[in-house]
Amino acid sequence: NVNLKNKDLLSLMDYSTEEILSLIEDAMDLKAKHQNGDIISPLKGKTLGMIFEKSSTRTRVSFEAGMMQLGGNALYLNGKDLQLGRGETVADTAKVLSQFIDVIMIRTFEHEKVVELAKHADIPVINGLTDDFHPCQALADLLTIYEHKKTFQKLKVSYIGDGNNVAHSLMIACAKVGIDFTIACPKGYEPKEFVVKYATEVAKENHSTITVTESPIEAAKDADVLYADVWTSMGQEEESANRLKVFAPYQINEELVKYAKDDYLFLHCLPAHREEEVTAAIIDGPNSVVFQQAGNRMHVQKALLQAIL
Ligand code: CP
Ligand code: NVA
């Protein structure tokens, strides 16, 4: 088994293929135990602090419930209520929290803030979403894909929409496990160059490919998985009217899914906007596994917490 003790999860770039596969395996084991009603308490006496500077339903509840199920405790720390919100430095916050708790999860805007927190904390730090990455989501996405397809080999996963945090992490996750990944996005909304470059190199080592295209049809063609996220992420609210126009041709709907394989899976990190990035017919239809995907957040995060603690 791989050793992840005290390791941060800032982005999946820091995790090897072996480490990611081991987390997925542990998550399946923990999920089976949970469904079986087994009570386990490996994290008895441990506390997770969760700093939120953006809204959350899934991340907050899955981390909190998951930590409790492992016998530990979780604290919800609203960024505005912390002295951090009144200008205490990230470094001092990291050093102080390290005196009390065993692991920090943070959801914020600039990725650099999470890097800074991890640099100064004596305890592991987990990225619960930044403007650039959402690694816990991508781990849950991999688990969901694996549960349905029973393999990561010879799969085409296509993300259609904004080249954002969720797209970045999914791209890296696919590259790490050898899935062919395609992203279709409008000009000006492509994933960041350094992420595409990194993922392309990793994919090559794992005999898979990364494709960036403007064409949703090219992405949808023969896809095993179609993936959508919101067109306007948290922090971009003032761009939303313009984004609605720019992204309109990138909606996942009945027409577009005709290009995918018959047994394609529809994934969405949620929250979703029906009739924007995806029609109700698709997200509420037979190929959609979005609620299983949401549920898997808890199982992968339990595996992660157990491994790093
Ligand atoms: N997918 C996800 O991270 O959801 P929340 O914003 O509700 O945490
Ligand atoms: N890209 C979205 C994901 C929400 C889970 C956002 O950052 O708001």
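Numbering of ligands and ligand atoms starts at 1, following listing order.
Under a 4.0 Å criterion applied to the non-hydrogen atoms of Leu270, ligand 1 contributes the atoms 1 (N), 2 (C), 4 (O). Which parts of ligand 1 touch Arg297 is read off a 4.0 Å heavy-atom cut-off, strictly below it: atoms 1 (N), 2 (C), 3 (O). Here is the list of ligand 1 atoms found below 4.0 Å of a heavy atom in His134: 2 (C), 3 (O). Here is the list of ligand 1 atoms found below 4.0 Å of a heavy atom in Thr57: 5 (P), 7 (O), 8 (O).
Side chains of Gln251 and Asn253: a donor on one and an acceptor on the other come within 3.5 Å.
The shortest N or O to N or O distance between Met234 and ligand 1 is not under 3.5 Å. Looking at Pro271 next to ligand 1, no N or O pair under 3.5 Å apart turns up. At under 3.5 Å, not a single nitrogen or oxygen of Arg60, backbone or side chain, sits near a nitrogen or oxygen of ligand 1.
Identified under the side-chain hydrogen bond (donor to acceptor under 3.5 Å, both in side chains) test for residues 138-147, with sequence neighbours left out: Lys31-Glu147, Gln137-Asp141, Asp141-Tyr227, Asp141-Gln293, Thr144-Asn296, Glu147-Gln292, Glu147-Asn296. Screening residues 150-160 for salt bridge (charged side-chain N to carboxylate O under 4.0 Å, His left out) gives no qualifying pairs among residues at least two apart or on separate chains.
Considering every non-hydrogen atom in both Pro191 and Val196, the closest pair reads CG-CG2, 3.6 Å.
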With the criterion set at N/O pairs under 3.5 Å, what does the list of contacts between the protein and ligand 2 look like, atom names and distances included?
{"residue": "ligand 2", "atom": "1 (N)", "partner": "Asn164", "partner atom": "ND2", "Å": "3.3"}
{"residue": "ligand 2", "atom": "1 (N)", "partner": "Asn165", "partner atom": "OD1", "Å": "2.9"}
{"residue": "ligand 2", "atom": "1 (N)", "partner": "Asp229", "partner atom": "OD2", "Å": "2.7"}
{"residue": "ligand 2", "atom": "1 (N)", "partner": "Ser233", "partner atom": "OG", "Å": "2.7"}
{"residue": "ligand 2", "atom": "7 (O)", "partner": "Asn165", "partner atom": "ND2", "Å": "2.8"}
{"residue": "ligand 2", "atom": "7 (O)", "partner": "Ser233", "partner atom": "OG", "Å": "3.4"}
{"residue": "ligand 2", "atom": "8 (O)", "partner": "Met234", "partner atom": "N", "Å": "2.8"}

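Remark: Asp263 engages Lys149 in a salt bridge, criterion side-chain N to carboxylate O under 4.0 Å. Ion pairing between Glu53 and Lys80 fails under the 4.0 Å rule for side-chain N and carboxylate O. We find that Glu64 and Arg60 are joined by a salt bridge, their nearest charged nitrogen and carboxylate oxygen being less than 4.0 Å apart. A salt bridge links Asp131 and Lys54; the closest N-O separation between the charged side-chain nitrogens and carboxylate oxygens is under 4.0 Å.
With a 4.5 Å cut-off between side-chain heavy atoms of Ile, Leu, Val, Met, Phe, Trp and Tyr, the cluster of Val61 takes in none.
Residue Lys221 places its NZ atom among 12 or fewer non-hydrogen atoms of other residues, nucleotides or ligands, all under 6.0 Å distant.
The single protein non-hydrogen atom nearest to atom 6 (O) of ligand 1 is Arg107 NH1, 2.8 Å, given as residue, atom name and distance. Closest to atom 4 (O) of ligand 1 among all protein heavy atoms lies Arg58 NE, 2.8 Å.
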